[in-house]
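Notes for the one structure printed next.
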Amino acid sequence: MSAVATARTAARRTWFPAALTVALTVVLLFLLLPVVAIFADTGPGDLISSLGDPAAREALKLSALCSLTAIAIILVVGTPAAYLLATRRFTGRAAAITAIELPLVLPPAVAGIGLLASLGPNGILGGLAGDRLVLHTAGVVVALTFVAAPFHLRQAQAAFEALDPAWLDASRTLGASPARTFARIAIPAARGGLAAGLALAWGRALGEFGATLMFAGSFRGITQTAPLAIYERFGTEFDVALALGAVLVALSGALLLSVKLLGRAPG
Amino acid sequence: MSAVATARTAARRTWFPAALTVALTVVLLFLLLPVVAIFADTGPGDLISSLGDPAAREALKLSALCSLTAIAIILVVGTPAAYLLATRRFTGRAAAITAIELPLVLPPAVAGIGLLASLGPNGILGGLAGDRLVLHTAGVVVALTFVAAPFHLRQAQAAFEALDPAWLDASRTLGASPARTFARIAIPAARGGLAAGLALAWGRALGEFGATLMFAGSFRGITQTAPLAIYERFGTEFDVALALGAVLVALSGALLLSVKLLGRAPG
Amino acid sequence: MLQVETRTTLGALQLDVALDVAPGRCLALAGPSGAGKTSVLRTVAGLLRPEHGRVVCDGETWLDTDRRIDVPAEERRAGYVFQAYALFPHLTARANVAYALDHLPRRDRGKHADALLERFGVAHLCDERPRTLSGGERQRVALARALARRPRVLLLDEPLSALDTRTRASAARELGTVIAEAGAPTLLVTHDFTEAALLGHEVGVIDGGRVVQRGTAAELAATPASAFVADFTGAVVLTGTARPGPDGTTLVDLDGGGTLTSVERAEGLVAVSVYPWEIALAPAGKPDPGSARNHLAVEVLAVTAIGNRVRVGLAAPQPLTAELTAASARALELAPGARVTATFKAAATRLLVR
Amino acid sequence: MLQVETRTTLGALQLDVALDVAPGRCLALAGPSGAGKTSVLRTVAGLLRPEHGRVVCDGETWLDTDRRIDVPAEERRAGYVFQAYALFPHLTARANVAYALDHLPRRDRGKHADALLERFGVAHLCDERPRTLSGGERQRVALARALARRPRVLLLDEPLSALDTRTRASAARELGTVIAEAGAPTLLVTHDFTEAALLGHEVGVIDGGRVVQRGTAAELAATPASAFVADFTGAVVLTGTARPGPDGTTLVDLDGGGTLTSVERAEGLVAVSVYPWEIALAPAGKPDPGSARNHLAVEVLAVTAIGNRVRVGLAAPQPLTAELTAASARALELAPGARVTATFKAAATRLLVR
Amino acid sequence: GEDRGQSATSTRQDAASTERPTLTVSAATSLKRAFETYGERFGQAKARFSFAGSDELAAQIRQGLTPDVFASANTTLPDELNKAGLVEQPRTFAGNRLVLAVPKDADTPIERLDDLAKPGTTIAIGAETVPVGAYTRKVLDRLPRAQRAAILKNVRSEEPDVGGVVGKLTQGAVDAGFVYTTDVAAAGAGLREIRLPDALQPDVAYGVAVVKGAKEPEAARAFVEGLIAGAGQTALRDAGFLPPPAGG
Ligand SMILES: Nc1ncnc2c1ncn2[C@@H]1O[C@H](COP(=O)(O)OP(=O)(O)OP(=O)(O)O)[C@@H](O)[C@H]1O
Ligand SMILES: Nc1ncnc2c1ncn2[C@@H]1O[C@H](COP(=O)(O)OP(=O)(O)OP(=O)(O)O)[C@@H](O)[C@H]1O
Ligand SMILES: [Mg+2]
Ligand SMILES: [Mg+2]
């Protein structure tokens, strides 16, 4: 082959891997840049002062508390639901899955209204919840659960569907009830996927803003989570707000990564 | 066995399936109720008037336009990136995946600030974008792409990882370049997963509010998407706002479902 | 004693099987992929509920769709070895076995599990996870696990198919002893006839959801009930059209050319089955004088020596295989392309109406 | 002519193989799971790049790590049939074949593809998707697809293992003809010796990443180079310790009891291999007078009639298998539990140092 | 939800009799600093604040939420809620000054209102549905139509709350924006305020009302009184708010 020809064929062979790499680089840059920028914009001084501000600390504490509670609920109720969706075939299954995805497309504020209109004092089930939710910490948990649940549900369903059904059958023939099979085989075997799902859900819950504000309000120490505290400071103490954002991102980033590594390690 | 005993064993046998069903029902009720409530709250009159309002129609049009553009970008750039993540093992892969998930945990407003701080006039790359993004329709697209991309990326990656690597190898031995393999085998074979990912991303983009507002502002016909129009109307025309929300949900719900059925049908 | 009756629709398949197995006996279910073999085992284990069916084990009814009885799988005490063993990936070998022992007090389980692993010679692997075990080791752990609960019935689904030939031979021998010792009725699924013959006291050939023939391996090989069984047992099957021949014989015009004589009676479309070792070869042109009535001019496709025997692939023009001693093969100087005459007795052929 | 050299590390495995195949010849690579068989094929196809290696086909260099040559897979024209066929699930049979024909003008591809399917007798399935095809049909489509580009070399990875015995026999015959007609060098991977013997002109036994022995099936069976090859070719293998015996013979004390005599010389730990058909059985106590030097008291474990032969599983106490004619088996009234004497010539044993 | 509110009230008061009652106040974001100071001084009850856009807070009340006090950055929302029978008679308790805010380190220096008309200037204002937007339009309406048109041409964003405008300014996304003088004070170093001619200055009035079905009605009324004349009023003045405009 002539040198030119070789060059040309070489080019013909390498453009695609190159294109892939470029695509991934672009994606990563685009998604990371804003995050980096936030940190760049916040001097360490701001970080300190943001954490010095008691309200901010309270907000972070509340965020942790509420998001953890929400995650616990999602884990306890959502995981069996996902298991059912993954292991049984029934009519309206596709519809159910879509229903689970719907909350993702609600503008946060509208989601908040929806929650008010259903669980608020005048809501469809108003009598049921009374006013123990709205403007109370419980309300925050409800809002977070609502927006975060879909992430865990979809991931958990995928994880359970990936299990070898023979494992579940085997467990039965070895004298284990369906419940024991679920607890001792399905969950540990799907460990990784479940962890990832919870991580995503937790992250989303930590970032939730619109629905919480609408449904639970923004009462310092009671319903004011970190994102609300950030929002409240935009108008007034912009730098502190940004710093708080940075803290939040750092926390959830660390969270996601650690859970992923944890999920990978053989349990 | 005595009648009592039978009853007891029967109970012992049925509680778990029952529990699963209950869990799923609770989940579905909880996630659907707010959506239903929104529709309940909006009389058909409101629906009409909400669509009669030209600003609202403009907003819906803009939402459609911007979200579709964002989706197109995500599809074109994100899919190859996901393919790379799924098919090659390289150091820092876990980190890259986490980086892709980070935007999910950013409070939307903070995400908007991040975009401003990176692509805004005074941003890190300010010179690059100049002021062609902020307060322009292009800015909306950027914001939507940022918040929606992670959904498609994760789903696409999962879908590609689920492919039998032998198909890709086979394609190569049959004389197809890696590029042709990607276009003619990987993508059609992963059709379903990709569709689902795009659906989620599209839904999220349709609902996006905070980041758009922060980064692109809210100007009728140029940067005011449906969620912004809804938000703007809370104060004055609350019912119209709600109706608009309902319309948005209906659209995206239909979208999700149709895409899912489409994805399932053999192409 | 295990009695099974099941009649149900599985996708495209109509499963309709009734069989019984005595304690300590092993019935091998052999048949092609998709025949319904696994489904039968699943019905016995309580993992698949047929539309109509009865399963009775030692007089205890596990399933009776008419009387609305359906004992859940976990209470049936069926020892099931799954097609790919289905060991729990997140548990060690010991934990996999101990999982089946939750009727024992917690502290005894480990000891008990180790004893079982010991019995199958894999005690030293008790702390390994399935991922790190070889196929043969996995099979042993799976057996130990399946026997942990002293099952009332043993269900083995392709227990050897995941093994390579190196381990398969020895594994087969062990499995034989296990089945004998277990003393429970055993159902074994395989799609390899030799395997079925080796491990089963009896073989049930199952195809399209029905048991087409049941008997000892020898019986099936000697008197196959259908072309399928014949082919399955390793006989050569030629297709053709039968017409009455001289003095009570039948002449078969083979598809693609050539005519055979058979002592069996049949007319119309038939399949002719004959065993490779019934077929002798002679140099083309001069067939050896003798009682053999069938002489086919054939071309040698392949010659394969296995030990002191030689398998010769022939085109007649329908493909057919002869088996000779190495000696006679040398004498004939067989080589691919050579033209010879295939000779076999009319009595050696079996006619099966298609 | 295909020449392959590859030296590389794959996980725990050290792959180190060098082999060549002449046009129109088929080399069967047989070996246990994880031996590196598939890896060799992948190296030839350009799907696996070894640390050090050369692949030359018809004088054209496809890979030479020293000269930094590595022709990408799509330009190597290797016809590869994958272990589970790897048909594209979203394409019809026709489209699957046509996919390999993109060097032809678009309108010709369909015609051409149909012709190929026709040749393998599955033209009527051209519009089916793989999901709806049986194993045998899939194999045919995969073959048609692999041959579509007139490959320079044919790579077949366990082409029969996904088939049940019913289709396997016929598929094997067809495959033989295909290989012969293709006229390209063929590498065939299997972990079944008989399959290797049936389809390969030569057999290369590969274990732990190395070709431990290469030759015709008969050669391997007659003079296995190692206990592994012996066991692999179906011989019985007994382990023991060798010591010098009278007049130049060797005595082997078997692990677990019993002593054998062999004409071959060896000392220390050895494996004794003997073929089932070399072993005769006699009623316990009175061994038939004759030249045979080896007499073992054994217990019958299993008796399996296959056609006109009988395989007898024995415990000696090491497991061992004898093969007799149905007649002599009847004469001996063999049944599980019976105690008999196994007899075979000292010359029939091969000693392999462990 | 009134009667339900009432029953809840009684139970609440049983609890309240033992400890200091809690007063929940929904207030416009711009009131944050003033109200927090007032809250500390307010003796009758422990005040809990929820700061958000006035219209969001209104939306919550429409959906049946019953904070004790609703303080809005305008008077229209309280009036509407009152007409809807959701809150008691509203009172105006403070005023504010609409100003033109610009980033301190702006490269295109803007000194007075006229500069807004310059082509290429970018402006952010409140949407007309939110108070600040309504006031801004009042100002613009008093300008000559040519100038008004020129300025409106330069408007790039109509933010759904003041925070949005401030954010755009601090991030240098726009050259100027109309906000309240209190916001400029709050934003600190980043912004510079340009006073509008008194002729143009609209009456910015803040309305407050006790919510019907409030759990602490009397504490709520006391809180409102304190806003109009007392600790609340002083705190408002300190934060830069004006007395309620006459007839506002
Ligand atoms: N629960 C089920 N629902 C619908 N169809 C089923 C079900 N279980 C099995 N089938 C179908 O019944 C047929 C027989 O399945 P089965 O697994 O019993 O065959 P098999 O003889 O075990 O085949 P193989 O040898 O490949 O394991 C298959 O076509 C399968 O698709
Ligand atoms: N790309 C790779 N990287 C690391 N290890 C590999 C790679 N490819 C193969 N291996 C390892 O090399 C060993 C041989 O694999 P290979 O598939 O060639 O074996 P095989 O002989 O084909 O086995 P089988 O008969 O089960 O297919 C296996 O242990 C496998 O895990
Ligand atoms: Mg099966
Ligand atoms: Mg392989």
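Just so it is clear: chains get the letters A, B, ... in the order the sequence lines come, proteins before strands, and each one is counted from 1.
- Within residues 141-168 of chain A, the residues having any heavy atom closer than 4.5 Å to a heavy atom of chain C are A:A166, A:W167, listed by residue number.
- Residue C:R76 does not touch chain A at all, counting heavy-atom pairs closer than 4.5 Å.
- A heavy-atom distance below 4.5 Å is found between the side chains of C:D102 and C:R109.
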Go through the steps for C:T92 and C:D127 under the test side-chain hydrogen bond (donor to acceptor under 3.5 Å, both in side chains), then give the verdict. CA-CA 5 Å; C:T92 62; C:D127 291 325; 5.0 Å; no

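- Side chain of C:R138 to main chain of C:L133: a donor-acceptor pair is present (N/O by atom type, distance under 3.5 Å, no hydrogens or angles).
- Judged by a 6.0 Å distance limit and a 45° cone about the ring axis, C:R42 is not positioned over the six-membered ring of C:Y80.
- Heavy atoms of C:L87 lying under 4.5 Å from chain A belong exclusively to its backbone.
- Residues of residues 59-79 of chain A never come closer than 4.5 Å to chain C when only heavy atoms are counted.
- With hydrogens and angles disregarded, no donor-acceptor distance shorter than 3.5 Å links the side chain of C:Y99 to the backbone of A:I185.
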A:R180 and C:E74: salt bridge (Lys or Arg N to Asp or Glu O under 4.0 Å), yes or no, with the steps? CA-CA 10 Å; A:R180 186 155 185 264; C:E74 59 266 33; over 6 Å; no

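- Scanning residues 9-20 of chain C against chain A with a 4.5 Å heavy-atom cutoff picks out nothing at all.
- Not a single salt bridge (Lys or Arg N to Asp or Glu O under 4.0 Å) links C:E118 to another residue, sequence neighbours left out.
- C:F88 carries C:R145 over the face of its six-membered ring, with the cationic atom under 6.0 Å from the centre and within 45° of the normal.
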